[in-house]
Asks: 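Quick one: the structure is below, questions incoming.
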Amino acid sequence: MDKTIASAAEAVSAIPDGATVMIGGFGGSGAPIELIHALIDHGAKDLTVVNNNAGNGHVGLAALIEQKRVRKLICSFPRSADPRVFTEAYLAGEIELELVPQGTLAERIRAGGAGIPAFYTATSYGTELAEGKHTEEFDGKHYVRERWLKADFALIKAELADPHGNLTYRMAARNFNPVMAMAATHTIVQATRVVELGGIDPEHVITPGIFVSKVVEVPNAAQEEELNRAEAVYP
Amino acid sequence: MDKTIASAAEAVSAIPDGATVMIGGFGGSGAPIELIHALIDHGAKDLTVVNNNAGNGHVGLAALIEQKRVRKLICSFPRSADPRVFTEAYLAGEIELELVPQGTLAERIRAGGAGIPAFYTATSYGTELAEGKHTEEFDGKHYVRERWLKADFALIKAELADPHGNLTYRMAARNFNPVMAMAATHTIVQATRVVELGGIDPEHVITPGIFVSKVVEVPNAAQEEELNRAEAVYP
Amino acid sequence: MSETMTDIDSIKLSNAQIAWRAAQDIEDGAYVNLGIGFPEMVAKFQPEGKQAIFHTENGVLDFGEAPKPGEEDWDCINAGKKAITIKPGTAFFHHADSFAMVRGGHLDVAILGAYEIAQTGDLANWSTGRGGVPAVGGAMDLVQSAKRVAVLTDHVTKKGEPKLVASCTLPLTGVGCVTRIYTSLAVVDVEGGRFVLREKIPAISFDELQALTGAPLRVEGDVADLICPEL
Amino acid sequence: MSETMTDIDSIKLSNAQIAWRAAQDIEDGAYVNLGIGFPEMVAKFQPEGKQAIFHTENGVLDFGEAPKPGEEDWDCINAGKKAITIKPGTAFFHHADSFAMVRGGHLDVAILGAYEIAQTGDLANWSTGRGGVPAVGGAMDLVQSAKRVAVLTDHVTKKGEPKLVASCTLPLTGVGCVTRIYTSLAVVDVEGGRFVLREKIPAISFDELQALTGAPLRVEGDVADLICPEL
């Protein structure tokens with residue numbers, strides 16, 4: 001079994017119009033820029049995207065939105081240093097937004113990966129983000145019931161990968177990547193380096209290969225922050 | 001801040017009668033034998049203990065039960081190579097048993113640590129272990145609602161620890177230890193080796209120190225399996 | 001009945017042969033959990049060119065074979081508390097992550113033993129209902145969530161009574177969860193609330209097999225010969 | 001009102017001084033999350049001999065100071081997307097684990113900014129309710145779960161209107177969650193549905209402070225002088 005494939009283009013080629021796609025990253029850290037750009041080239045549209053943010057500048061997720069491929073965004077914080085692309089699309093009514101508190105977003109994704117259709121959290125109780133949701137009292141405190149979140153595809157940025165899909169991450173670039181890897185039917189990974197089987201210490205594996213479908217090596221992955229400082233625009 | 005203390009005896013000295021105590025380990029792997037034996041010496045009784053199993057032979061958890069310190073056991077699999085101690089106490093009506101499916105047990109503990117008072121799982125639906133529990137249908141499938149599990153104390157076996165309580169584990173001895181560390185008000189750790197701050201790579205920390213209260217170094221920790229092969233009895 | 005039992009015992013497959021047959025259905029790269037005991041033998045019989053990846057619920061994926069006696073590391077065990085080894089590709093994780101794999105439907109196959117299997121796919125394999133100390137382990141999690149749930153079992157009990165039944169009499173492990181049953185006499189699928197016979201050993205007739213089965217065996221298309229190597 | 005405002009502006013504490021005051025209350029070894037922006041300054045003012053451990057919700061515990069300009073590693077950032085550094089004791093973890101720390105009540109203190117704080121402890125700090133693009137981030141998780149929730153804020157809005165109010169008019173971040181408010185004029189606790197004045201700057205009288213506060217300020221025992229160093 002070898003999950004490695006040759007190119008980012010091949011990695012995303014099976015993503016159809018209308019798919020739900022989780023994209024790892026918190027701002028630029030951990031964002032799989034090359035996979036997102038390959039998805040733009042691939043052309044899939046009407047996507048529902050799950051990400052913590054809504055893109056920055058004109059690369060990565062912002063570029064995907066600018067190319068009008070995203071029908072709906074599920075995120076916690078659609079602001080950034082340069083949020084113009086999302087802001088304009090949102091205010092023009094061209095993109096739907098589901099705003100989810102960040103911890104609830106992370107837990108809904110983990111629940112999707114862990115087979116938990118619903119759970120209770122105190123987060124958002126009594127706020128407008130809990131409107132219409134089932135609430136319940138446990139041990140004298142009020143909680144909101146939240147549903148799992150799953151995806152057809154997840155685009156993940158890892159540091160090391162082996163041919164079975166075992167992954168490590170780099171620093172705070174870990175963020176949403178491991179939980180999104182669990183919650184998608186097809187998890188596509190760009191790794192800075194693909195090592196041989198056994199090249200990752202079993203104690204240091206963060207995402208076990210069972211959650212991974214495809215791995216493509218992207219040795220010199222772009223950082224969104226640096227692209228934006230260089231005022232890059234994709235495509 | 002330095003969470004290290006000198007002895008196992010000191011580590012468990014604050015555990016009162018009637019406390020709920022989570023004890024890490026799966027069978028003997030990851031079982032904090034020295035902390036359990038210190039707890040026996042300490043003398044606390046009427047304990048509610050959460051563990052995957054119910055002890056083996058006459059050491060560790062089995063010895064704690066044999067010394068009649070455990071009022072109630074919450075576990076998934078109260079069998080072992082030599083389960084006589086628990087079996088006799090149970091059949092004599094001297095110990096209460098709450099039997100929980102293993103994955104539900106792990107998730108209830110994680111939920112306790114993660115502030116999730118209840119969640120839904122398909123596990124046990126339609127079985128006698130779901131009797132009396134709230135059930136609900138999501139997307140055409142039936143689920144059972146389970147409550148979080150928390151403890152006053154957790155006894156944890158780690159491999160490395162630093163003075164802030166960052167931990168690693170050794171192989172499959174990890175098992176329930178990291179989730180129990182999250183779910184207790186006071187988490188007491190025996191580590192094979194205490195290293196200086198910075199001695200654990202930030203990428204390799206499995207339990208961040210925020211979940212840990214006290215750390216005691218136990219360099220040559222006993223393995224339950226080996227004690228039982230030597231027919232050891234504690235005290 | 002005792003005469004039939006003698007016959008059956010002489011022609012039936014051994015546990016190793018049942019495990020061998022189950023192993024033939026595992027796809028290359030499949031993620032598989034093997035129940036404690038006799039199902040563990042499945043790992044030994046993976047066909048040439050197909051390699052399954054084994055999961056043990058105590059937090060190890062892609063582990064290696066048992067170590068030689070005397071070389072055990074008791075921190076490295078499987079769910080049956082037997083010593084295992086690591087190999088290139090092994091990953092360790094904690095119990096909640098391990099059961100996230102299970103509950104989240106990431107296992108392709110779970111293979112377990114059984115006391116009774118109903119034609120509806122209900123499984124009873126954790127409690128004899130006779131008192132004593134109850135113990136469930138991870139079975140209820142596994143059967144509700146793996147993509148395929150396969151059972152390995154003798155076709156009948158030691159007393160010669162059917163283990164494939166119309167409805168279970170013992171406490172259930174899971175409802176409607178079993179997809180395929182590998183018995184000492186046959187391979188039976190559970191489909192639409194019915195047993196569907198796929199294979200049987202040549203030495204037994206359909207009528208004899210039906211007589212040893214507690215609910216109707218449907219036949220859809222050919223029933224293949226169930227032939228296993230001597231093991 | 002504008003005359004009062006001028007007076008207030010000349011005597012009130014700076015943001016740095018508010019952050020300094022909040023820092024004095026943090027215990028040695030406390031686990032602390034600092035909100036994006038002005039609360040981040042709290043880290044700079046830890047008193048000698050007390051060391052807090054800072055958590056950032058994007059998955060880092062016990063991180064170091066900002067790197068020098070040009071030495072940023074954009075994989076190592078805080079929740080405000082500013083570059084941070086590692087130091088001995090740092091740990092990385094994923095987002096669900098990070099919010100397990102938050103939601104599970106493992107943080108001793110969360111320190112945030114505010115638009116409005118009600119005497120019941122309700123907090124509004126995420127939406128002005130005026131349309132545009134809403135954004136919540138981790139604020140709702142933090143305020144519901146940290147053991148203490150402290151707010152840093154000017155005592156009044158730029159228009160001179162009270163930010164400490166009887167009940168919030170803006171969309172809530174959390175209900176009954178704030179435990180202490182550090183303002184540019186005072187330190188106020190929220191207890192039993194009431195504002196309790198603990199400290200005020202000497203340059204303002206109680207009556208003046210009450211006039212700038214949208215709900216009654218209770219006094220229990222002494223009101224200490226709120227005196228901060230020049231920063």
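The chains referred to below are lettered A, B, ... by the order of the sequence lines, with proteins before strands, and numbering in each begins at 1.
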Asks: With a 3.5 Å distance limit and no angle check, can you tell me whether B:N51 reaches the backbone of B:N53 through a side-chain donor-acceptor pair?
Replies: yes
Asks: Taking 4.5 Å as the heavy-atom cut-off, does anything in residues 9-30 of chain B contact chain D, and if so which residues?
Replies: none
Asks: Taking every heavy-atom pair that is under 4.5 Å apart, which of B:A114, B:G165, B:G198 has the most such pairs with chain D?
Replies: B:A114
Asks: What are the two closest non-hydrogen atoms of B:S7 and B:V216, and how far apart are they?
Replies: C-CG2, 3.5 Å
Asks: Quick one: of B:G115, B:P163, B:P202, who has the most non-hydrogen atom pairs under 4.5 Å with chain D?
Replies: B:P202
Asks: State, to 0.1 Å, how close D:C168 and D:L172 come at their nearest heavy-atom pair, and which atoms those are.
Replies: CB-CD2, 3.6 Å
Asks: For chain B and chain D, what donor-acceptor pairs lie under 3.5 Å, backbone included?
Replies:
from, atom 1, to, atom 2, distance (Å)
B:K3, NZ, D:Y31, OH, 2.7
B:G113, O, D:H106, NE2, 2.7
B:A114, O, D:R103, NH1, 3.0
B:H164, ND1, D:D62, OD2, 3.0
B:N166, ND2, D:G89, O, 3.0
B:M182, O, D:H106, NE2, 3.3
B:P202, O, D:F92, N, 3.1
B:G209, O, D:Y31, OH, 3.3

Asks: Top residue by heavy-atom pair count (under 4.5 Å) with chain B, among D:I86, D:V102, D:I53?
Replies: D:I53
Asks: Without swapping roles, check the side chain of B:E34 against the backbone of B:A8 for a donor-acceptor pair under 3.5 Å.
Replies: no
Asks: Measure the CE-CG distance between B:M180 and B:L149 for me, rounded to the nearest 0.5 Å.
Replies: 8.0 Å
Asks: If every non-hydrogen atom of D:A79 is compared with every non-hydrogen atom of D:I36, which pair is closest and at what distance?
Replies: O-CD1, 3.4 Å
Asks: Is there a donor-acceptor pair under 3.5 Å between the side chain of B:R145 and the backbone N or O of B:K133?
Replies: no
Asks: Would you give the length of the straight line joining atom CG of B:L35 to atom NZ of B:K157, rounded to the nearest 0.5 angstrom?
Replies: 10.0 Å
Asks: Using the benzene-type ring in the case of Trp, are the ring centres of B:Y143 and B:Y125 under 6.0 Å apart?
Replies: no
